[in-house]
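Working notes, beginning with the structure itself.
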Amino acid sequence: MGNYSITIEKTTCPKAKPADENKLGFGKIFTDHMFEVDYCTEKGWYNPRVLPFHNLELSPASMVFHYGQEMFEGLKAYKTADGRVLLFRPDCNIERANNSNRRLMIPQIPEDLFLEALKTIVKVDEDWIPTAEGTSLYIRPFVIATDPFLGVRPGDTYKFIIILSPSGAYYPEGLNPVKIWIEDEYVRAVKGGIGEAKTGGNYVASLAAQVKAHEAGYSQVLWLDGVERKYIEEVGAMNIFFKINGTVVTPMLNGSILPGVTRRSCIELCKDFGLPVEERKISVEELTEAARTGALEECWGSGTAAVISPVGHLRYEDEVFRIGDGGIGEVSQKLYDTVTGIQLGKLEDTKGWTVEVK
Ligand SMILES: *Cc1c(COP(=O)(O)O)cnc(C)c1O
């Protein structure tokens, strides 16, 4: 394909593809192959290869198991009605991966190697891309430090791996508003920490609050800033948007918020729709006041998995706020239709956001 000689070893015993594409769920099924490339300080990245999907053999002393030096990404491949395979803004994921790597002291991955690896593995397992309404092939690239060493320092050896998972519609019954819990006890990340890197450590920090929110009947946690617990940050796997008195508002990137590709796309599209967009600090007081007075017209989360997740209810301390009529807002629906329309090749990609895998 390109400049890297990625070797391909195909499986001799392909798995049966999922029988019912409407029951895929998320992240439970994996395709026949995976991509793997190794790193050591002397050689850099070497031996890029596609292999049959397999378990890893690692020393139990591998650094990733003890101090969590790992980075991950998430994006999707789609099959269009005329049979083309499209990736959505992979350049943004590659750029973000290397920003995460920089923060996590993981070596940079050459952008052309990364893109070629994505295209190659998706091409090999192209037949695994589901086509039922709302489905896609979720792509999970990740890097782990593999040195067998219990001291604390950045690794000298790494593996960069890409696995693929056919995924179902996030909302099997169509776009569905979620209930969100504004967390006032735990925090996810602080400025100066690793909140803006896509890494497992941020997720383990979020589990206790997630369980608490689930037990109270809420599907996601909305995080406040880690210092004052005063300003809105994000939902932990999604960024957050509000429409207040006709203006779209989203928290500005501040070092502890993950810069979502879907967030960036929503901002560009809202501007195209002619809506005023503000990236700024927004306090929980401002938000709850806007909810009380009816100025809060809409709220939605943005992320690769759900694309757009309309928010119907917000809970803060002992108050529950219904947003609009608790249903799907106009802008949320329009963003969902536009982003998924471009992803599936149904709408013309005037922005050059899609990359075809040939
Ligand atoms: C991945 C992620 C998002 C969403 O980013 P997208 O690129 O839009 O998928 C938001 N917050 C966190 C913490 C994430 O890990």
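Worth saying up front: this structure is predicted, and the values here are computed from it rather than measured. Along the sequence shown, the residues carry numbers beginning at 1. When a ligand or atom number is given, it counts from 1 through the structure's own listing order.
Atoms of ligand 1 lying under 4.0 Å from any heavy atom of Glu234, numbered from 1 in the order shown and given with element: 10 (C), 11 (N), 12 (C), 13 (C). Using a 4.0 Å cut-off to heavy atoms of Met238, the atoms of ligand 1 that qualify are 10 (C), 11 (N). Below 4.0 Å from some heavy atom of Ala237 lie the following atoms of ligand 1, by number and element: 2 (C), 3 (C), 4 (C), 10 (C), 11 (N), 12 (C). Close contacts between ligand 1 and Arg188 involve ligand atoms 13 (C) [criterion: under 4.0 Å to a heavy atom]. Less than 4.0 angstrom separates some heavy atom of Gly260 from each of these atoms of ligand 1: 5 (O), 6 (P), 7 (O), 8 (O).
A pairwise comparison of heavy atoms in Ile342 and Thr354 identifies O-CG2, 3.6 Å as the closest pair.
For an aromatic pair to be called close, the ring centres must be under 6.0 Å apart, and Phe114 with Phe160 satisfies this.
With hydrogens and angles disregarded, no donor-acceptor distance shorter than 3.5 Å links the side chain of Arg96 to the backbone of Lys198. No side-chain donor-acceptor contact under 3.5 Å links Asp125 to the backbone of Leu164. Distance alone, capped at 3.5 Å, places no donor-acceptor pair between the Tyr138 side chain and the Gly168 backbone.
Any N or O atom pair closer than 3.5 Å counts here, and Arg96 shares at least one such pair with ligand 1. Where the criterion is an N or O separation shorter than 3.5 Å, residue side chain and backbone included, Tyr203 meets it with respect to ligand 1. Polar contact check, Ser302 against ligand 1: no nitrogen or oxygen pair lies under 3.5 Å apart. Between Val261 and ligand 1, an N or O atom pair is found at a separation short of 3.5 Å.
Taking atom 13 (C) of ligand 1 as the reference point, the nearest protein heavy-atom neighbour is Gly236 O, 2.9 Å. Protein heavy atom at the shortest distance from atom 2 (C) of ligand 1 is Lys198 NZ, 2.5 Å. The single protein non-hydrogen atom nearest to atom 9 (O) of ligand 1 is Thr304 OG1, 2.6 Å, given as residue, atom name and distance. The nearest protein atom to atom 8 (O) of ligand 1, hydrogens excluded, is given as Thr262 OG1, 2.6 Å; this is a heavy-atom distance.
Not a single heavy atom of Gly74 sits less than 4.0 Å from an atom of ligand 1.
The existence of a salt bridge linking Glu185 and Lys212 is confirmed by a sub-4.0 Å separation between a basic side-chain nitrogen and an acidic carboxylate oxygen. A salt bridge does not link Lys191 to Asp225: none of the charged nitrogens lies less than 4.0 Å from a carboxylate oxygen.
The cationic atom of Lys334 (NZ for Lys, CZ for Arg) lies less than 6.0 Å from the six-membered ring centre of Phe273 and within 45° of the ring axis.
Under the side chain to side chain contact (heavy atoms under 4.5 Å, CB included) test applied with Leu258, the options Met238, Glu233, Glu234 reduce to a single match, Glu234.
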